[in-house]
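There's a structure below that I have some questions on.
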Amino acid sequence: MTATAAEKRARLVEIVKARSFQEGPEMKLASGKTSTFYFNMKPTMLDPEGAALIAELMLDAIGGVEADLVGGLEMGAVPIAAAIAAVSHVQNRPVGAFFVRKQAKEHGTQSLVEGLVRGDTMQGKRVVIVEDVTTTGGSALKAAKALEAEGATIVRVLTIVDRLDGAADAFRDAGLNFVPILDLNDFRS
């Protein structure tokens with residue numbers, strides 16, 4: 001029997017609570033803000049069940065969207081995009097993956113965007129940006145800007161966890177469709 005979306009979300013919350021969430025003293029976040037809630041999503045994204053649930057829920061979240069590729073800014077987007085690509089193949093809903101480097105390589109192809117075959121570009125590609133945790137949206141907005149400069153169209157931004165700290169407003173102001181899989185309220189006792 002296949003699990004429902006609500007059952008998958010509930011199970012993902014359990015995994016994140018066990019592997020990736022901590023509450024306690026204030027910590028500095030990537031956005032520069034501080035919080036007593038902290039998510040280190042790598043242990044969940046690299047867990048077999050966690051990776052599968054994230055990929056399945058994100059694929060469901062783009063079910064009605066025409067998308068050529070999924071990816072985002074290194075490092076957080078890499079395991080997510082790879083899991084989505086693998087699960088999309090298994091589900092016969094193929095979508096390729098890529099990632100945006102924080103800065104272009106200084107050797108070899110000097111690429112800013114990785115995952116495309118030689119000779120292919122982002123020009124005309126319909127792209128879903130993914131990330132692990134969203135606070136202000138800065139990482140996804142940086143990826144969006146780089147991808148749009150390469151000719152891509154951003155069709156959706158997905159995150160595993162929205163910290164409910166301004167990202168939704170930032171994406172709306174940028175004209176981007178933002179869909180969180182989970183948010184901070186899923187983890188508050």
Side-chain angles (χ1 to χ4, degrees), residues 1-16 19-20 39 41-101 109 111-134 137 139-148 150-162 167 171 176-183 186:
M1 182 176 197
T2 305
T4 67
E7 291 168 334
K8 290 177 188 178
R9 281 183 81 257
R11 179 62 184 137
L12 182 57
V13 168
E14 290 175 4
I15 294 170
V16 172
R19 299 180 65 87
S20 297
F39 295 90
M41 295 302 293
K42 275 62 168 185
T44 296
M45 294 186 306
L46 297 172
D47 173 71
E49 185 181 8
L53 288 167
I54 291 164
E56 290 171 12
L57 288 163
M58 286 195 166
L59 276 170
D60 290 348
I62 61 171
V65 174
E66 185 181 326
D68 301 307
L69 298 166
V70 296
L73 196 63
E74 66 174 338
M75 176 71 213
V78 174
I80 300 168
I84 291 170
V87 171
S88 75
H89 172 74
V90 171
Q91 291 185 0
N92 199 28
R93 300 166 29 180
V95 60
F98 71 92
F99 70 91
V100 177
R101 292 182 176 278
T109 61
S111 299
L112 183 63
V113 178
E114 294 288 353
L116 302 175
V117 296
R118 186 177 50 216
D120 200 4
T121 69
M122 294 302 287
Q123 188 66 44
K125 298 285 193 292
R126 296 176 55 81
V127 174
V128 174
I129 294 177
V130 296
E131 65 176 359
D132 54 355
V133 179
T134 307
S139 293
L141 289 169
K142 181 176 180 178
K145 184 176 180 180
L147 293 164
E148 288 170 340
E150 299 266 334
T153 300
I154 312 307
V155 295
R156 183 156 293 165
V157 177
L158 298 176
T159 188
I160 302 169
V161 179
D162 178 9
F171 292 128
L176 298 173
N177 181 315
F178 175 60
V179 178
I181 302 303
L182 306 171
D183 67 42
D186 291 308

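Predicted, not measured: the structure shown is a model, and the values here were computed from it.
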### Query
At their closest point, which heavy atom of R93 faces which heavy atom of D60, and how far apart are they?
NH2-N, 3.5 Å
### Query
In chain order, what residues pass the ring pair (Phe, Tyr, Trp, His ring centres under 6.0 Å) check against F99, with sequence neighbours excluded?
none
### Message
Contact between L73 and E131 at the side-chain level, heavy atoms closer than 4.5 Å - yes or no?
### Response
no
#### Entry: Contact summary for V157 and A140, nearest pair of heavy atoms
CG1-CB, 4.0 Å
### Message
How close do V155 and A67 get, counting heavy atoms only, and between which atoms?
### Response
CG2-CB, 4.3 Å
### Query
Is the closest side-chain heavy-atom distance between V87 and M58 below 4.5 Å?
no
#### Entry: 4.5 Å side-chain heavy-atom contact, E150 and V100
no
### Message
Please check: side-chain N/O of R9 versus main-chain N/O of L182, any donor-acceptor pairing under 3.5 Å?
### Response
no
### Query
Just wondering, do L69 and M122 contact through their side chains at under 4.5 Å, heavy atoms?
yes
### Message
On a heavy-atom basis, which atom in A167 and which in T134 lie closest, and how many Å separate them?
### Response
CB-CG2, 3.1 Å
### Task
Give a yes or no on whether a salt bridge exists between E14 and R11, defined as a side-chain N under 4.0 angstrom from a carboxylate O.
yes
### Query
Going by heavy atoms in the side chains, are I80 and M41 under 4.5 Å from each other?
no
### Query
Are any of the side-chain heavy atoms of T44 and L53 separated by less than 4.5 Å?
no
## Note on the structure
For T159 and D132 the tightest heavy-atom approach is OG1-O, 3.3 Å
### Query
Between CG of L147 and OG1 of T153, what distance do you get to the nearest 0.5 Å?
10.5 Å
### Least distance between heavy atoms, A81 atom then A97 atom
O-CB, 3.5 Å
### Test item: L59 and V95 side chains (from C-beta on) under 4.5 Å apart, heavy atoms
yes
### Query
Just wondering, do V179 and R156 contact through their side chains at under 4.5 Å, heavy atoms?
yes
